[in-house]
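Taking it in order: structure first as structure tokens, then the write-up.
First listed ligand is number 1; within each ligand, the first listed atom is number 1.
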Amino acid sequence: MDNHSNNNSHSVPVIRLDDEDNLDATAKLLRATCIETGFFYLEGHGVSQDLLDKVMDQSKRLFGLSNESKDALKDPVMSRGYTSMEQETLDPKNQKKGDTKEGFYIATEIPKDDPRFNPTKLAGPNCWPTPENTQGEFTQEDCQEFRTVMDDYLDQVSRLGFRVTQLLALALELDQSYFDPHFQEPMPFIRLLHYANETSKPEEGIFACGAHSDYGMITLLLTDHNPGLQIYHNNQWIDVPPRPSAFVVNLGDMLERWSNGLFKSTLHRVITSGSQAGERYSIPFFYEPNFDTLVTCLPTCCSEDNPARYPPITSGQHLLDKYKGTHAEFRPGDTL
Ligand SMILES: O=C(O)CCC(=O)C(=O)O
Ligand SMILES: [Fe+2]
């Protein structure tokens, strides 16, 4: 029997990034949290409310486009742009149909004539709305505004992601700068999400977002006021309610692997209740190391008694392997 929601016997802690005087205490709290669930709220992060509001508004405008226009914004080879409702199935074993959500991927803009352009390494241009591909639904100014807001957001959350990796290094009892070289050419991905006004029915295999763990290093999630996110902890699903102005941060499989299983990448899902919640908007930001970073057991996480459990893998290969399993339409680097 699947409990839809639970009282919060466990609550997700708040970590503040602006408490420089108590860095040791913050790192200790973060360590305990990462060993337990790897989920926490992040406050004092320095990203302005104005920008958070703007990015949500622009996301709503984008998903308000007609299906025809949104379909013209797909780029499965570059893994960018629009992904349709039910295209992604995050938990194929338990889902009868795909996630009841649509999405839009944005990453670092690398033009085709840039020497770094390489679709097999997920490095390429974004798929921006234009007056042409939106059939005039977006004017030139609308398109410019969308891009300006998204560029600004990508820049700010990337800086924030870098600071979080420094705090994670401390939590892992490493030098604060330990991860810095691995984020010199990071792979940041914004994913705008829009959940349908449809009630999830776990017992019938219908989920807003099926149970999964995230693939990469860290995820910084911005949500609107609608509840729905749950984490699986101590054999039950626990609500992680929206907390205004905070990011929900969670660790992904890559960091679990890097830390030899010490830091957890916890299973989570989204359950929507159509009548109560209406449509839900959220924006996960995935912050990943350089494509060529070698993810191999961190020095503080293995010893003679606790040898490395996973063979080394590059960050890029790890992500590509994971994407293949869940994105029906994604074909990174296929013949252009
Ligand atoms: O929408 C949410 O609250 C969570 C989304 C999520 O877990 C994901 O996209 O990885
Ligand atoms: Fe997730």
Side-chain angles (χ1 to χ4, degrees), residues 4-5 12 37-42 52 55-56 59-60 62-63 79-92 94-95 98-107 157 161 187-198 200 202 206-233 237-256 263-274 276-288 318-319 322-323 325-328 330:
H4 284 216
S5 65
V12 172
T37 63
F39 263 83
F40 56 94
Y41 293 107
L42 186 67
L52 300 181
V55 75
M56 272 290 174
S59 171
K60 285 181 190 164
L62 184 98
F63 290 120
S79 316
R80 304 289 170 91
Y82 183 65
T83 57
S84 3
M85 280 284 174
E86 297 176 26
Q87 185 233 296
E88 191 183 17
T89 308
L90 279 165
D91 181 17
N94 293 305
Q95 283 179 265
D99 296 356
T100 58
K101 68 173 176 4
E102 53 186 343
F104 192 88
Y105 271 103
I106 299 165
V157 281
M187 296 186 289
F189 303 94
I190 291 176
R191 191 160 189 216
L192 311 177
L193 292 177
H194 171 219
Y195 292 91
N197 188 356
E198 180 171 344
S200 303
I206 297 170
F207 293 90
C209 172
H212 66 284
S213 54
D214 288 352
Y215 306 151
M217 178 87 179
I218 46 170
T219 307
L220 310 184
L221 175 75
L222 181 67
T223 74
D224 66 9
H225 60 281
N226 288 312
L229 178 64
Q230 300 183 326
I231 61 174
Y232 197 65
H233 184 57
W237 287 103
I238 295 166
D239 296 326
V240 181
R243 188 176 169 96
S245 305
F247 285 95
V248 176
V249 180
N250 67 286
L251 314 181
D253 302 339
M254 196 189 308
L255 186 52
E256 183 172 288
F263 277 16
K264 302 296 178 310
S265 169
T266 289
L267 214 56
H268 53 285
R269 68 181 189 183
V270 179
I271 300 290
T272 46
S273 160
Q276 277 171 28
E279 298 166 59
R280 180 175 184 272
Y281 292 85
S282 74
I283 309 180
F285 166 69
F286 305 103
Y287 188 60
E288 316 300 2
H318 168 90
L319 290 173
K322 296 267 175 182
Y323 283 146
T326 44
H327 283 69
F330 273 11

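When all heavy atoms are compared, the tightest approach of Leu222 to Met56 is O-CE, 3.9 Å. Scanning all heavy atoms of the two residues, the minimum distance from Gly161 to Leu220 falls at N-CD1, 4.2 Å. In terms of heavy-atom proximity, Phe104 sits nearest to Phe63 at N-CZ, 4.0 Å. Between Tyr41 and Val240, the shortest heavy-atom distance links the atoms OH-CG1, 3.6 Å.
Ion pairing between Glu279 and Lys60 fails under the 4.0 Å rule for side-chain N and carboxylate O. With respect to the salt-bridge test (charged N to carboxylate O, under 4.0 angstrom), the residues Asp91 and Arg269 do not qualify.
Between Gln230 and His268, every side-chain heavy-atom pair lies at or beyond the 4.5 Å cut-off.
The aromatic rings of Trp237 and Tyr232 are tilted relative to each other, their planes meeting at an angle between 30° and 60°. The aromatic rings of Phe189 and Tyr323 stand perpendicular to each other, their planes meeting at an angle above 60°, with 30° marking the opposite boundary.
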For ligand 1, which of its N or O atoms have a protein N or O partner closer than 3.5 Å, and how long is each gap?
| from | atom 1 | to | atom 2 | distance (Å) |
| --- | --- | --- | --- | --- |
| ligand 1 | 1 (O) | Tyr195 | OH | 2.6 |
| ligand 1 | 1 (O) | Arg280 | NH1 | 3.0 |
| ligand 1 | 1 (O) | Ser282 | OG | 2.7 |
| ligand 1 | 3 (O) | Arg280 | NH1 | 3.1 |
| ligand 1 | 3 (O) | Arg280 | NH2 | 2.9 |
| ligand 1 | 7 (O) | His212 | NE2 | 3.2 |
| ligand 1 | 7 (O) | His268 | NE2 | 3.1 |
| ligand 1 | 10 (O) | His212 | NE2 | 3.0 |
| ligand 1 | 10 (O) | Asp214 | OD1 | 3.1 |

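Shown are the protein N/O/S atoms under 2.8 Å from the Fe ion (ligand 2), given by residue and atom: His212 NE2, Asp214 OD1, His268 NE2.
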